[in-house]
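These notes concern the structure reproduced below.
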Amino acid sequence: MLANLAAAFAQVFDPYVLAVILGSAVFGLFVGAVPGLTATMATALLVPVTFFMPPVPAIAAIVTATAMAIFSGDIPGCLLRIPGTPASAAYTDEAYAMTRNGQAEVALGAGLVFSAIGGLFGTAVLISSAPMLAEWAIKFSDFEYFWLVLLGLTCAIFIASGDPLKAFVSLLLGLLIATIGVGNPAGHPRFTFGEPNLLSGISLVPMMVGMFAVSEVLRYAINSKQTLVVAQGRIGNVFAGMWRLTVKYPKSILRGSVLGTLVGALPGAGADIAAWMSYGISKRFSREPEKFGTGHVEGIVESGAANNSALAGAWIPALVFGIPGDSITAIVIGVLYMKNLNPGPTIFINNPVAIYAVFAVFILANLLMIPLGFLAIKAAKRILQVPRNILMPLILLFCIVGSYAINNSVFDVGVMLVFGLVAYVMEENGFPVAPTILGVVLGGMLEENFIKAMIKSDGDLTAFFSRPIAATLGVITILVWLSPLVLKLLRRRAAPPA
Amino acid sequence: MRISDLVWAFAIALLAALVLVHVQSFPPMPGQKFGPAVYPGLIACGLLVCAVLLLARGWKARRQAALIEPMAWWRDRDLVVGFWLIVAVLAAYTAVSEAIGFIPVAIVALLALNLAFRVRPPVALAVAVLGTLLVHTIFYKGLRVPLPWGVLKSLAW
């Protein structure tokens, strides 16, 4: 292990990798701070560039950019009352209220310092739990994997979304998209309609760029007349008083970090949901709940730690099972496959150095966040004044070239357009996009394990419950499925007859 | 565009029905009970169930919302032009970039979008030319993506 660790650090501290980390940190800070550009979009835009890099810098770029973007999403939330990324939305009103009270530096400082602490906590859990889980997961057969994937998809529907029915439609759409092409156990070309470009299926990168970047540019187009008003006033020393907050709210920091890591590890639920839940819990357990909403830092401390720890948490199922914990790791899984680092328990045996390098980058990125985040806050007013009407067309051009670059095919630019429009219409109508992405990423795995298990058991469905772990996972999945029905019945019984 | 659950239910049911009909044409896997049609067929059945549930929900709420509700931005000509120009730019790029080449198409696309987003014309022109050259340099020179030269082939650098 030590030799692997040393090799991993040697790879990360290579000047080229360090330059990539620095570059993607600046990119992530910028993307996060511009309203309308999200951390997921940063990842989708980075993928075409990382396509041309060796595995370690490619993954380092994504890890660093997303960590920075989730923090810097706090900046416009604080100064414009518009969250830079959805992960900051939970406490945007609180942070803006603090700015109006002349405490912008405390809100931004708390966002920065506790983001870094939460990120480091999540990383520590990732480092300690992932290899252990992998050792356990190595004994899994098709039955366990089938249930695990189904449980993951179930979480995405029931936990991560306000409207499970529409989320289920989104998921099924994703699963259906994943069936396109010859990549199925029978090797039969499905839904290709004679188009040779569809034989290998819909390319993941153009689809992601469409769903996460083009759809945002479209959304900008219909809001392009909105003017942004930056809150006035000087931002003082962001680090002043942070130690006092750490001593005052140790429980909040710990609770936010633990909850964030757990929510991140749940498939489908990412940093944004972690932040909303943490903010709610913080208010619930606070000694001063009446102060929430008036410019009180406690909720920012807790949910700021939660959203960054969720990033690392999401990597746990992604690395160990190949099941993404959020939209970002859904993209990451695609990148891992492209780099021949197939996720799953064996990655810890076949590629330990690459995995330790991922861990090292997580630590480095969260430490780098403090000085670079400080500089980003100093430059905040300039970044927020970047003319978005010039920026958005450039992003669109970047999307075009990025989608084209994966297969050198204009067909993929068309794919990007179609999925950009699809994602836009879906979100306008309350269909969440994340389950679709999970469906596309996990669809192949779900079908393969399902068909193999069915063939092994000769169509006997009870075989899915014949092994202890498979049975447990199966029962949990079915219980989650039945939960809305049971809740409904309980509510009906509790309510007096009309 | 906000579309009511009722309309979505019909659209989803139609998609599911088309899938179910289409998978009937898939050949069985030799010697196996479970061919390539099983899994997409199950997904389509799932979609049908969702369509029925959406139909029930939409029927209950049928008086509360129009089948298709127009959006406020549809009445603002500038915003409508901006939105559809993005779609048109991407469609046009797909259709003509191989023949005409990346550089001319990208310059026209950036110029049109900048003007649609109310950037002053001289700035828009400068951004279009410099932006195109920057992206071209990064991807063509830096990452060796073979962006098409098209009509500028004789000038290729």
Side-chain angles (χ1 to χ4, degrees), chain A residues 48-49 51-52 165-166 168-169 171-173 175-176 179 184-191 214 217-218 220-225 387-390 392-394 396-402 404-405 408 410-411 413-414 416-417 420-421 425 428-431 443 446-447 450-451 454-455 458-459, chain B residues 1-3 8 12 15 19 22-23 26-27 29 32-36 38-40 43-44 46-47 50 53-54 57 71 73 76 78-79 82-83 85-87 89-91 93-95 97-98 102 106 109-110 113-114 116-119 123-124 127-128 131-132 135 138-139 143-147:
Chain A
V49 181
F51 189 64
F52 300 92
L165 181 56
K166 285 192 168 173
F168 191 35
V169 173
L171 168 67
L172 288 169
L173 188 69
L175 292 176
L176 196 62
T179 64
N184 55 78
H188 177 75
R190 294 188 300 202
F191 308 109
V214 175
V217 180
L218 287 170
Y220 165 76
I222 59 171
N223 293 311
S224 59
K225 286 192 174 166
R388 291 194 299 163
N389 51 355
I390 292 179
M392 289 295 176
L394 283 173
L396 197 70
L397 188 63
F398 212 79
C399 293
I400 292 177
V401 183
Y404 175 84
N408 297 333
V410 281
F411 182 82
V413 181
M416 175 186 89
L417 166 61
L421 280 171
V425 173
E428 284 293 303
N429 287 282
F431 291 93
L446 185 69
E447 174 172 24
F450 174 67
I451 296 291
M454 286 296 269
I455 290 174
D458 201 25
Chain B
M1 174 166 56
R2 299 250 158 74
I3 302 168
W8 278 117
I12 293 164
L15 173 71
V19 171
H22 184 67
V23 297
F26 293 174
M29 210 172 2
Q32 297 295 350
K33 275 193 214 162
F34 309 100
V38 174
Y39 178 75
I43 296 172
L47 281 172
C50 289
L53 292 174
L54 272 175
R57 199 162 85 176
M71 308 288 281
W73 63 270
D76 188 322
D78 293 352
L79 298 184
F83 182 91
L85 190 64
I86 294 173
V87 178
V89 157
L90 292 177
Y93 185 91
T94 314
S97 68
E98 305 253 271
F102 172 78
L110 280 185
L113 287 168
N114 271 293
F117 292 149
R118 296 166 295 283
V119 177
V123 181
V127 170
T132 301
V135 171
I138 295 174
F139 279 87
L143 302 173
R144 302 190 182 283
V145 176
L147 294 170

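This one's a predicted model, so the numbers in the text were calculated from it and none came from an experiment. Here is how names work: the chains are called A, B, and so on, in the same order as the sequence lines, proteins then strands, and each is numbered from 1.
- Using cut-offs of 30° and 60° on the angle between ring planes, the pair H22(B) and F191(A) is tilted.
- In this structure, chain A has a heavy atom under 4.5 Å from the side chain of V135(B), while its backbone stays farther away.
- Heavy-atom minimum distance, A91(B) versus L417(A): N-CD2, 3.8 Å.
- Contacts of L173(A) classified as side chain to side chain contact (heavy atoms under 4.5 Å, CB included), with partners at least two apart in sequence or in another chain: I177(A), M426(A), L15(B).
- Only the side chain of V23(B) comes within contact range of chain A, with at least one heavy atom under 4.5 Å from a heavy atom of that chain.
- Between F139(B) and F398(A), the ring planes lie perpendicular to each other; the angle is over 60°, past the 30° to 60° tilted range.
- Heavy-atom distances place both the backbone and the side chain of V49(A) under 4.5 Å from chain B.
- Using a 4.5 Å heavy-atom threshold, the side chains of V169(A) and L54(B) count as touching.
- Across all their heavy atoms, N184(A) and P36(B) have their closest contact at OD1-CB, 4.1 Å.
- With a threshold of 4.5 angstrom between heavy atoms, L421(A) approaches chain B through side-chain atoms but not through N, CA, C or O.
- Listed for the Y93(B) side chain is no donor-acceptor partner under 3.5 Å among the backbone atoms of L397(A).
- Side-chain contact check for F102(B) versus Y404(A): every heavy-atom pair is 4.5 Å or farther apart.
- For the set G82(B), A95(B), G46(B), P27(B), the entry with the most heavy-atom pairs within less than 4.5 Å of chain A is P27(B).
- Only the side chain of I400(A) comes within less than 4.5 Å of a heavy atom of chain B; its backbone N, CA, C and O stay farther away.
- Between the NZ atom of K225(A) and the CG atom of L79(B) there is a distance of 5.0 Å, given to the nearest 0.5 Å.
- Taking the ring centroids of F117(B) and Y220(A), they lie under the 6.0 Å cut-off.
- Interface residue L53(B): backbone and side-chain heavy atoms are both found under 4.5 Å from chain A.
- Minimum interatomic distance between N114(B) and I390(A) (heavy atoms only, all atoms of both residues): OD1-CA, 3.6 Å.
- Contacts of S224(A) classified as side chain to side chain donor-acceptor pair (under 3.5 Å), with partners at least two apart in sequence or in another chain: R118(B).
- Contact of the F52(A) side chain with the V145(B) side chain is registered, since non-hydrogen atoms from C-beta on lie closer than 4.5 Å.
- In this structure, L394(A) CG and T132(B) OG1 are separated by 8.0 Å, a value rounded to the nearest 0.5 Å.
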